[in-house]
Every structure is written in structure tokens, then in C-alpha cells.
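What follows is a single structure, written as C-alpha cells, with notes after it.
Quick note on labels: first sequence line is chain A, next is B, and so on, each numbered from 1. Side-chain atoms are counted along with the backbone in the values below, which use heavy atoms only and exclude waters and symmetry mates. Nothing here was measured: the structure is a model prediction, and the numbers come from that model.
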2 protein chains.
Amino acid sequence: MKKKSYNHFFMNFANKTKFDIIMALRDRPLSVLEIVKKVGKEQSAVSHDLRSLARCHILNSKKKGKQRIYSLNKRTVLPLLKIVERHVKKYCKRCKL
Amino acid sequence: MKKKSYNHFFMNFANKTKFDIIMALRDRPLSVLEIVKKVGKEQSAVSHDLRSLARCHILNSKKKGKQRIYSLNKRTVLPLLKIVERHVKKYCKRCKL
DNA sequence: TGATTATATGATTTCTTTTTCATATGAACA
DNA sequence: TGTTCATATGAAAAAGAAATCATATAATCA
């Protein structure tokens with residue numbers, strides 16, 4: 001079992017900015033600049049995060065002129081988020097987290 | 001949306017030891033000492049991790065004499081692992097992670 | 001009550017991840 | 001070709017998380 005793969009995978013959801021990026025891409029694919037605007041972080045920081053997300057195949061990307069468009073791996077991410085949403089709603093109503 | 005809840009939740013899967021603990025509890029509930037043996041870490045480190053896992057309701061616990069027995073929140077954890085296992089098998093065949 | 005066993009806690013050190021900054025690459029187009 | 005816009009990269013600084021250590025609590029039982 002590839003433990004490191006799991007660690008990296010989950011790390012991408014555990015980090016605030018990376019999680020924001022995932023959420024930003026739920027509705028539709030976006031270019032880097034659009035993502036930068038949505039999540040309100042430095043371009044460079046976002047690029048680093050995108051790299052990490054794409055390396056784990058949480059995001060896909062394709063070029064479009066001089067832009068790069070990132071999109072969500074919905075097959076994995078949507079059902080995953082659904083499970084965790086249910087969990088958080090159930091258990092984190094009035095917890096301090 | 002409780003972003004911090006999500007971050008903490010995923011952090012418990014992203015960390016090597018915590019992930020090991022989750023895996024150790026897949027078959028059956030265990031006492032702290034049993035978990036310590038299984039994951040091969042210091043008792044104190046394991047206790048810290050158990051606290052964090054239980055705070056997010058990934059684990060439940062109950063006392064039994066002077067022991068404390070930890071068990072998995074299967075409803076959330078099992079389907080989650082299933083999704084990620086599929087993902088890792090599909091994408092991380094020969095990746096370096 | 002005091003000794004023993006099981007687990008938890010808090011503070012500090014150590015390690016990893018994230019942010020930031022400066023700069024590089026690469027595509028489009030005048 | 002040179003300028004501009006979009007994105008990526010690498011290294012160093014800053015922040016955050018985990019491991020460690022010493023000690024505390026809590027339950028059991030002699």
C-alpha cells in the first residue's frame with residue numbers, strides 16, 4: 001500500500017488554500033488568474049498549490065493559448081466531498097473548529 | 001461553511017501516524033497500548049494523535065477499566081477510504097509518491 | 001493508602017509545509 | 001524580433017505541525 005500517495009492526496013485537502021482552490025473549481029474549470037482572484041492569494045503561491053494538486057490527479061489541466069485551464073477530477077472529488085460534508089454537518093455544529 | 005473543520009478533518013488523514021492508526025482500527029477496536037504496538041510509535045505521540053482523531057469524530061472511544069478503547073467511525077471512514085483507494089490505484093501505479 | 005498499570009497532558013525541540021520574492025519560461029502579437 | 005501577458009520555478013524565510021520528554025491523572029488492586 002502506497003502510504004505516501006495517501007498522505008499527499010489528503011494533504012491537498014487539508015490545506016486551506018488548496019481546499020479553496022478545489023472549491024473554486026466545483027462549478028467550472030478556471031484559468032490560473034481566475035483562481036488567483038477567487039482565492040485571494042499570490043499568483044506564485046497558487047501555482048505551487050496547483051502543481052501539487054495536479055500531481056495527485058485531483059486536478060487536470062490543459063493549455064489554451066497562453067493560459068492554462070484547471071479542472072476538477074469530479075469522479076473522485078465530488079463523492080469525497082459529499083461524505084465529508086455530511087460528517088462535518090453532523091458533528092461540527094457547535095464545535096470550536 | 002466551516003473551513004477549519006474540513007482542514008482538521010483531512011489533516012488527520014494526511015499525517016502518516018494518524019493514517020496508520022486509522023488503518024489499524026479498520027478491523028476492530030483497540031486499546032491505546034494495542035495501537036501503540038501496531039503503529040510502532042511512542043505512547044505519548046499516539047495519545048496526542050488519538051486526541052486529535054477523536055476530536056474530529058473520526059474515532060470514538062469508551063473506557064474499559066483502566067483502558068480506553070478506540071474504534072473507527074465506520075460510517076464516514078470506510079466509504080471515504082474506498083474512494084481514495086480507487087483513486088490511488090488508478091493514478092499512482094508508478095508515480096514516485 | 002500506596003503501588004502498579006494505562007492513558008493523557010503541556011512544554012520544548014525538531015521537522016515539514018507554506019509563503020514570499022525574484023526570476024524564468026512560454027505563448028501571442030505588434 | 002521584442003514586448004506583453006499568463007504561468008511556472010527555485011531558494012530562502014516564516015509559519016505550523018509532529019515528535020519528544022517529563023510528568024500528571026485515573027483506575028485497579030494488594
Side-chain angles (χ1 to χ4, degrees), chain A residues 3-25 28-72 96-97, chain B residues 3-25 28-72 96-97:
Chain A
K3 204 176 296 175
K4 265 197 186 170
S5 296
Y6 287 87
N7 295 163
H8 278 90
F9 179 89
F10 283 114
M11 201 56 103
N12 282 308
F13 287 82
N15 173 263
K16 198 192 153 309
T17 307
K18 286 172 188 155
F19 188 75
D20 285 350
I21 292 174
I22 290 169
M23 286 315 195
L25 290 168
R28 63 185 190 83
L30 297 171
S31 73
V32 176
L33 219 64
E34 290 174 313
I35 296 169
V36 166
K37 273 175 212 155
K38 273 221 181 190
V39 307
K41 288 269 165 184
E42 262 203 26
Q43 178 270 318
S44 163
V46 169
S47 251
H48 282 296
D49 286 348
L50 288 170
R51 186 194 219 273
S52 154
L53 285 157
R55 209 186 307 143
C56 285
H57 297 85
I58 291 164
L59 305 185
N60 300 115
S61 78
K62 60 166 189 257
K63 271 199 212 159
K64 184 189 169 192
K66 48 185 162 183
Q67 302 187 105
R68 186 169 281 273
I69 308 295
Y70 284 89
S71 60
L72 210 59
K96 261 136 265 158
L97 291 180
Chain B
K3 203 176 297 174
K4 265 197 186 170
S5 295
Y6 287 88
N7 295 163
H8 278 90
F9 179 89
F10 283 115
M11 202 55 104
N12 282 308
F13 287 82
N15 172 263
K16 198 192 153 310
T17 308
K18 284 172 189 155
F19 187 76
D20 284 351
I21 292 174
I22 291 169
M23 287 314 196
L25 290 168
R28 63 186 190 82
L30 297 171
S31 74
V32 176
L33 218 66
E34 289 173 314
I35 296 169
V36 165
K37 272 176 212 154
K38 273 220 178 189
V39 306
K41 290 270 164 182
E42 263 203 28
Q43 177 270 317
S44 164
V46 170
S47 252
H48 281 295
D49 286 348
L50 288 171
R51 186 196 220 271
S52 153
L53 285 157
R55 211 188 304 145
C56 286
H57 296 86
I58 292 165
L59 305 184
N60 300 114
S61 78
K62 60 168 191 254
K63 270 199 213 160
K64 185 189 167 193
K66 47 187 162 180
Q67 301 187 109
R68 184 169 282 273
I69 308 296
Y70 284 87
S71 61
L72 210 59
K96 260 136 264 157
L97 292 180

query = Do you know which of B:L72, B:I69, B:L59, B:N60 makes side-chain contact (heavy atoms from CB on, under 4.5 Å) with B:P29?
reply =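 Exactly one option meets the side-chain contact (heavy atoms from CB on, under 4.5 Å) with B:P29, and it is B:I69.
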
To the nearest angstrom, how far is [X] atom [atom1] from [N] atom [atom2]?
{"X": "A:N7", "N": "D:dA17", "atom1": "CG", "atom2": "P", "value": "16 Å"}
{"X": "B:K62", "N": "C:dA6", "atom1": "NZ", "atom2": "C1'", "value": "17 Å"}
{"X": "B:K66", "N": "C:dA3", "atom1": "NZ", "atom2": "P", "value": "15 Å"}
{"X": "A:I35", "N": "D:dA6", "atom1": "CD1", "atom2": "P", "value": "14 Å"}
{"X": "B:I69", "N": "D:dA27", "atom1": "CD1", "atom2": "C1'", "value": "14 Å"}
{"X": "A:I21", "N": "D:dT7", "atom1": "CD1", "atom2": "P", "value": "13 Å"}
{"X": "A:F10", "N": "D:dA17", "atom1": "CZ", "atom2": "P", "value": "18 Å"}
{"X": "B:E34", "N": "C:dT7", "atom1": "CD", "atom2": "C1'", "value": "14 Å"}

A:V39 and A:D49, any side-chain heavy atoms less than 4.5 Å apart =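 The answer is no, as the side chains (C-beta and beyond) never meet within the 4.5 Å cut-off.
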
ask   = Considering only heavy atoms from C-beta outward, does the side chain of A:F13 approach that of B:F13 to under 4.5 Å?
value =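 They are not in contact (no side-chain heavy atoms under 4.5 Å apart), so the answer is no.
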
Comparing A:E42 and A:G65 on DNA chain C - which has the more 5′ nearest nucleotide =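 Its nucleotide being nearer the 5' end, the pick is A:E42.
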
key: Contact nearer the 5' end of DNA chain C, comparing A:D49 with B:S47   =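 Going by which nucleotide is closer to the 5' end, it is B:S47.
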
request  = Scan B:K16 against the nucleic acid and name what it touches under 4.0 Å (heavy atoms): base, sugar-phosphate only, or nothing.
outcome  =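 Contact class for B:K16: none.
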
For the side chain of [X], counting heavy atoms from C-beta on, which of [options] is nearest?
{"X": "B:L50", "options": "C:dA8, C:dT4, C:dT20", "answer": "C:dA8"}
{"X": "B:M11", "options": "D:dA18, C:dT20, D:dA26", "answer": "D:dA18"}
{"X": "A:L33", "options": "D:dC21, D:dT28, D:dT7", "answer": "D:dT7"}
{"X": "B:Q67", "options": "D:dA6, C:dT7, D:dA18", "answer": "C:dT7"}
{"X": "B:V32", "options": "C:dA8, D:dA27, C:dT20", "answer": "C:dA8"}
{"X": "B:N15", "options": "D:dA18, C:dA8, D:dA27", "answer": "D:dA18"}

Hey, what do you get for [atom1] ([X]) to [atom2] ([Y]), rounding to the nearest 0.5 Å?
{"X": "B:F19", "Y": "A:N7", "atom1": "CZ", "atom2": "CG", "value": "7.0 Å"}
{"X": "B:K66", "Y": "B:R68", "atom1": "NZ", "atom2": "CZ", "value": "15.5 Å"}
{"X": "B:L50", "Y": "B:T17", "atom1": "CG", "atom2": "OG1", "value": "10.5 Å"}

Considering only nitrogen or oxygen atoms on both sides, find all protein atoms under 3.5 Å from nucleotides 10-12 of chain D and state each distance.
| residue | atom | partner | partner atom | Å |
| --- | --- | --- | --- | --- |
| D:dG10 | O6 | A:H48 | NE2 | 2.7 |

key: Check: B:Q43 side chain, C:dA8 base, donor-acceptor under 3.5 Å   =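 Indeed, a donor on one side and an acceptor on the other fall under 3.5 Å apart.
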
Please check the phosphate of [N] (OP1 and OP2 only) for any side-chain N or O of [X] closer than 4.0 Å.
{"X": "B:K63", "N": "D:dA27", "result": "yes"}
{"X": "A:T17", "N": "C:dT18", "result": "no"}
{"X": "B:K41", "N": "D:dA19", "result": "yes"}
{"X": "B:Y70", "N": "C:dA6", "result": "no"}
{"X": "A:K18", "N": "C:dT18", "result": "yes"}

task = Verify, without hydrogens or angle tests, whether B:N15 (side chain) and B:M11 (backbone) share a donor-acceptor contact under 3.5 angstrom.
result =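 No, B:N15 side chain to B:M11 backbone: no donor-acceptor pair under 3.5 Å.
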
task = Could you go through the side chain to side chain contact (heavy atoms under 4.5 Å, CB included) check for B:D20 and A:K3 one step at a time?
result = CA-CA 9 Å; B:D20 284 351; A:K3 204 176 296 175; 3.2 Å; yes

